[in-house]
Amino acid sequence: MRIATWNVNSIRSRIDRVEAWLQRSDVDVLAMQETKAKDEQFPYDRFRALGYEVAHHGMNQWNGVAILSRVGLEEVEVGFSGDPGWGEPLAAEARSIGATCAGIRMWSLYVPNGRAIGDPHMAYKISWLTELKEQARGWGAAGRQVALCGDWNIAPFDEDVWSMEYYLDKSHVSPGERAAFHAFLDAGFVDVVRPHAPGPGVYTYWDYQRLAFPKKRGMRIDFVLGSPAFAARVAGAVIDREERKGVGASDHAPVVVELED
DNA sequence: ATGGTAGCCGAGCTA
């Protein structure tokens, strides 16, 4: 079985590429972020025609997350947790769906953007992560297979950015954000991609501006964090940077994880 | 410090 996470940066402008990518990559479950579509704008029909059902889609005032799975797939239960909006508490769905699970539980996460050090959004981001971690700790307990997939908007280590000089004093690398990320590792979650995509110089996101992709100026901010039981099943992982190439690419690459049956 | 690009919508705002 194969699962994936991808910040698509607008599902309506990306639908042709997402469709083509799904067909050639043959994933069973896809978590998407930054769908930027109201529910009535979401291309449900396109995914259904490909054999996927959209388990969840939701958005706040300017963002959105979704998760879709192959029709008939019973092993994976899907949930989502997005940034529910400035000033709002963590989405209630995250609590209720995550509480009673069996089999693989897979989550599509969009961690709020902190914008800048000292910005009120940064404090919000860190408290959002702290609350999520407390819930995830419960989900991952008792040998459950849990995968927290998505755009974390954090580069946890210096080698996860193309230049620490450039990012010094900027968002995504600050000690508070990194501590919030590392707290998930301390809680027993594992970065299941890293062993299969070792760095430095391995990224998942490249800015559209200043020719960042051809200049190899990226960040590793998209992660699949697995509970120990999930991590034990991981057979491989790929960051599909080919998908970042060409006209009409998202600024993020898909991240794919292969599981043993 | 600014501006560079892409996407939302049709002016700024968000990333």
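Letters A, B, ... mirror the listed sequences (proteins, then strands); counts begin at 1. Both backbone and side-chain heavy atoms feed into the values below; hydrogens, waters and symmetry mates do not.
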| task | Considering just the side-chain nitrogens and oxygens of A:R12, establish if one lies under 4.0 Å of OP1 or OP2 belonging to B:dC9. | result | yes
Handout entry: Sidechain N-carboxylate O distance under 4.0 Å for A:R233, A:E260
Key = no
Atom CG of A:N153 and atom P of B:dT14 are separated, to the nearest Å, by 14 Å
* Would you say a side-chain N or O of A:R115 is under 4.0 Å from OP1 or OP2 of B:dA15? -> yes
The nucleotide from B:dC9, B:dA15, B:dT5 with an atom nearest the side chain of A:Y208 is B:dT5
Separation of B:dT5 atom P from A:D207 atom CG, nearest Å, is 11 Å
DNA chain B nearest-nucleotide lookup for A:K38 and A:H252: closer to the 5′ end is A:K38
When rounded to whole Å, the CE to C1' distance for the pair A:M32 and B:dG7 reads 16 Å
Exactly one candidate in A:W206, A:Y205, A:Y203 meets ring pair (Phe, Tyr, Trp, His ring centres under 6.0 Å) with A:F213; the answer is A:W206
Rounded to whole Å, CZ of A:R17 lies from C1' of B:dG7 at a distance of 15 Å
Next on the checklist: Whether A:Q41 contacts B:dC9 is assessed here as follows: a side-chain N or O lying under 4.0 Å from the phosphate OP1 or OP2. Is that the case?
Outcome noted: yes
Check: Rounding to the closest angstrom, what is the interatomic distance between B:dT2 and B:dA6 at atom P?
Finding: 23 Å
Query - Residue-phosphate contact under 4.0 Å: A:R14 side-chain N/O, B:dG7 OP1/OP2 - result: yes
For atom P, what is the distance between B:dA1 and B:dG12, given to the nearest Å?
24 Å
To the nearest angstrom, the CZ-P distance between A:F42 and B:dC8 comes to 14 Å
Whole-Å distance, A:I11 CD1 to B:dC8 P, equals 11 Å
(message) In whole Å, measure the gap between the P atoms of B:dG10 and B:dT14 for me.
(response) 15 Å
Assign each of A:G248 and A:N7 the nucleotide of DNA chain B bearing its closest heavy atom; nearer the 5' end lies the nucleotide of A:G248
When rounded to whole Å, the CG to P distance for the pair A:N63 and B:dC13 reads 18 Å
Of B:dG7, B:dG4, B:dA15, the nucleotide closest to the side chain of A:Q209 is B:dG4
(message) Taking B:dC9 as the reference, what is the distance to B:dC13 when you measure between their C1' atoms (whole Å, please)?
(response) 11 Å
Quick note, A:R210 side chain, CB onward, closest among B:dG4, B:dC8, B:dA15 is B:dG4
Testing B:dC9, B:dG3, B:dG7 for proximity to the side chain of A:K36, the answer is B:dG7
Practice prompt. Check the hydrophobic clustering (I, L, V, M, F, W, Y; side-chain heavy atoms under 4.5 Å; chains of links allowed) and say if A:V76 and A:L30 are grouped together.
Written response: no
A:K215 and A:D207 ion-paired at < 4.0 Å | no
With the side chain defined as heavy atoms from C-beta on, A:S10 is closest, among B:dA15, B:dC9, B:dG7, to B:dG7
>> Tell me whether the count of non-hydrogen atoms from other residues, nucleotides or ligands lying under 6.0 Å of NZ in A:K170 goes above 12.
In response: yes
A:N113 CG to B:dT14 P, in whole Å, measures 10 Å
From the list A:W152, A:F223, A:W139, ring pair (Phe, Tyr, Trp, His ring centres under 6.0 Å) with A:F184 holds only for A:W152
